[in-house]
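Note that the coordinates shown come from a computational prediction; the quantities given were computed from them, not determined experimentally.
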Protein chains: 2
Amino acid sequence: MSLKHILLGVLQRPKSGYDVKQMFDHVFSNFWAAKLSQIYPQLKKLTDEGLLTVQETPSDKGPNKKIYQTTAAGKLALIAWLTDGPMIHTEKLAYLAQTYFLGSLDNDQQRLKFLQDLLMRMREWHQALVSIQVQTKLRYPNYPHDLSEEEFYPNLTLMLGVKKVGANVEWVEESIELLRARMNE
Amino acid sequence: MSLKHILLGVLQRPKSGYDVKQMFDHVFSNFWAAKLSQIYPQLKKLTDEGLLTVQETPSDKGPNKKIYQTTAAGKLALIAWLTDGPMIHTEKLAYLAQTYFLGSLDNDQQRLKFLQDLLMRMREWHQALVSIQVQTKLRYPNYPHDLSEEEFYPNLTLMLGVKKVGANVEWVEESIELLRARMNE
DNA sequence: ATCTACTATATAAATTATTATATAGAATAC
DNA sequence: GTATTCTATATAATAATTTATATAGTAGAT
């Protein structure tokens with residue numbers, strides 16, 4: 001349901017399917033994952049429904065591009081989604097599900113390895129988000145108060161990302177400590 | 001992919017499909033959502049694959065129950081999932097996607113309303129998780145060090161839940177402050 | 001010259017998930 | 001007594017997602 005609305009949101013500025021994929025990889029990765037094989041059919045579907053327009057143009061590198069853009073009807077659908085209220089309690093965090101059942105492994109070494117892997121990945125993720133925030137602060141000396149209208153809301157999601165992934169790092173560190181203490185008993 | 005493994009994990013102790021749904025609503029809601037219409041077909045499929053056994057028994061209330069339980073093959077599949085390493089960067093947080101595009105609404109009142117709704121829901125969620133933690137602390141005077149082997153890993157997910165949803169509450173509060181400051185300019 | 005990486009779009013097949021709906025017994029509230 | 005809620009299972013239709021695969025031009029490295 002949300003991929004549709006993310007596409008309608010991001011295509012208020014014209015982009016190709018490939019451009020959209022870059023946005024997912026570098027910006028939306030913080031809160032939504034989508035494969036190219038899902039993006040292209042969805043762009044086609046939304047165009048058929050009249051929520052997007054498409055225009056084929058030659059590319060400076062590689063084959064022709066198809067540039068998509070949100071229509072007035074598309075914008076209405078986007079606004080309906082936003083005014084329908086926040087969508088919560090639909091999260092799926094597979095690594096937490098795995099943690100819940102970690103007791104099913106046969107030994108503490110395997111459990112410890114899982115948590116150490118998780119810590120490494122979370123620290124990398126946190127670092128990546130902090131780097132983006134640092135870059136933003138260079139452009140806005142009175143960050144976050146002087147952010148442009150366009151960057152204000154995207155930046156809110158960055159702020160939560162930093163906070164949330166930071167909380168994850170602390171939590172895995174604590175979990176490893178607790179496990180080590182149990183192992184030494 | 002994960003629903004399968006959550007079922008294999010939770011059915012190491014025998015349960016009906018209905019019991020499993022209660023677990024999703026009250027325990028797993030912290031990290032995974034699943035509907036009955038997804039659970040029942042999946043139980044059937046896993047039984048056909050030999051990862052679960054089923055036994056029909058009369059119920060004390062309502063119609064007959066089907067009690068499912070994980071087989072040795074099912075446990076192997078569970079362990080393979082756990083040893084395959086932590087699954088991250090697959091999260092889908094629809095409310096963050098909505099926040100990203102909040103600038104597309106026409107006025108600040110609508111944006112403020114969205115964030116206030118979000119704050120209310122996050123506070124309720126946080127309160128619910130804290131309550132469960134308080135109950136657990138009553139049973140374990142030296143919490144979290146004296147948790148049973150069985151409750152240790154489920155409790156880790158509770159600890160992250162409290163931390164993570166707490167971080168969300170703080171973030172929405174800050175976001176509302178930032179928006180109000182912009183509105184007064 | 002040819003290999004690799006990047007740009008660019010797309011489909012087929014399979015799996016997974018959601019929405020809506022159906023049935024039905026038992027317990028509880030009014 | 002009847003309406004509602006809870007227990008209990010299930011399917012049909014639709015939608016969303018993943019995995020795998022295919023094609024093809026351009027740029028830069030070796």
Worksheet entry | Which nucleotide in C/dT18, C/dT9, D/dT17 has an atom nearest any side-chain atom of B/Lys35 | C/dT18

Item to complete: Kindly point out which of C/dA8, D/dT9, D/dT18 is positioned nearest to the side chain of A/Asp19?
Response: C/dA8

Practice prompt. Answer yes or no: is there an ion pair linking A/Arg123 with A/Glu173, defined by an N-O contact shorter than 4.0 Å?
Written response: yes

Item to complete: Please state how far atom OH in A/Tyr40 lies from atom P in D/dA16, giving the value in whole angstrom units.
Response: 20 Å

Item to complete: Would you mind reading off the distance between A/Lys15 atom NZ and C/dT7 atom P, rounded to a whole angstrom?
Response: 16 Å

Fill in: Rounded distance in Å - CD (B/Gln42) to C1' (C/dA17)
10 Å

Fill in: Closest to the A/Ser37 side chain, choosing from D/dA16, C/dT18, C/dT11
C/dT11

Worksheet item: A/Leu43 has an atom CG; how far is it from atom C1' of C/dT9, in whole Å?
Response: 10 Å

Worksheet item: In terms of side-chain geometry, is the basic nitrogen of B/Asp117 or B/Lys113 positioned less than 4.0 Å from the acidic oxygen of its partner?
Response: yes

Discussion item. With a 4.0 Å limit, can you tell me whether B/Lys45 has a side-chain N or O closer than that to the phosphate oxygens OP1/OP2 of C/dT15?
Written reply: no

Worksheet item: What nucleic acid atoms does A/Lys4 come within less than 4.0 Å of, heavy atoms only: base, sugar-phosphate, or nothing?
Response: nothing

Fill in: Residue B/Lys44, side-chain atoms from C-beta onward, closest of C/dT11, D/dT11, C/dT18
D/dT11

Discussion item. Looking at D/dT7, I'd like to know if its phosphate oxygens (OP1 or OP2) sit under 4.0 Å from a side-chain N or O belonging to B/Lys65.
Written reply: no

Item to complete: Send over the distance from A/Gln22 CD to C/dA8 P, rounded to a whole Å.
Response: 8 Å

Worksheet entry | Spacing between A/Asp25 atom CG and C/dA8 atom P, to the nearest angstrom | 14 Å

Discussion item. Under a 3.5 Å threshold, yes or no: a donor from one side chain and an acceptor from the other, between A/Asn155 and A/Tyr140?
Written reply: no

Worksheet item: So which one's nearest nucleotide on DNA chain D is more toward 5', B/Lys92 or B/Tyr68?
Response: B/Tyr68

Worksheet item: Any side-chain N or O of A/Gln38 less than 4.0 Å from the OP1 or OP2 oxygen of D/dA16?
Response: no

Worksheet item: Any idea which of D/dT19, D/dT9, C/dT19 is nearest the B/Leu36 side chain?
Response: D/dT9

Worksheet item: When the distance from NZ of A/Lys21 to P of D/dT18 is rounded to whole Å, what number comes out?
Response: 10 Å

Worksheet item: What integer distance in Å separates B/Gln55:CD from D/dT9:P?
Response: 13 Å

Practice prompt. Would you check if the distance from the ring center of B/Phe101 to the ring center of A/Tyr153 is below 6.0 Å?
Written response: no

Discussion item. Are B/Phe31 and A/Tyr95 an aromatic pair, judged by ring center distance below 6.0 Å?
Written reply: no

Discussion item. Can you see if the side chain of A/Tyr18 gets near the phosphate of C/dT9 - specifically, an N or O under 4.0 Å from OP1 or OP2?
Written reply: no

Worksheet item: Which one, C/dT11, D/dT17, C/dA17, comes nearest to the side chain of A/Leu3?
Response: D/dT17

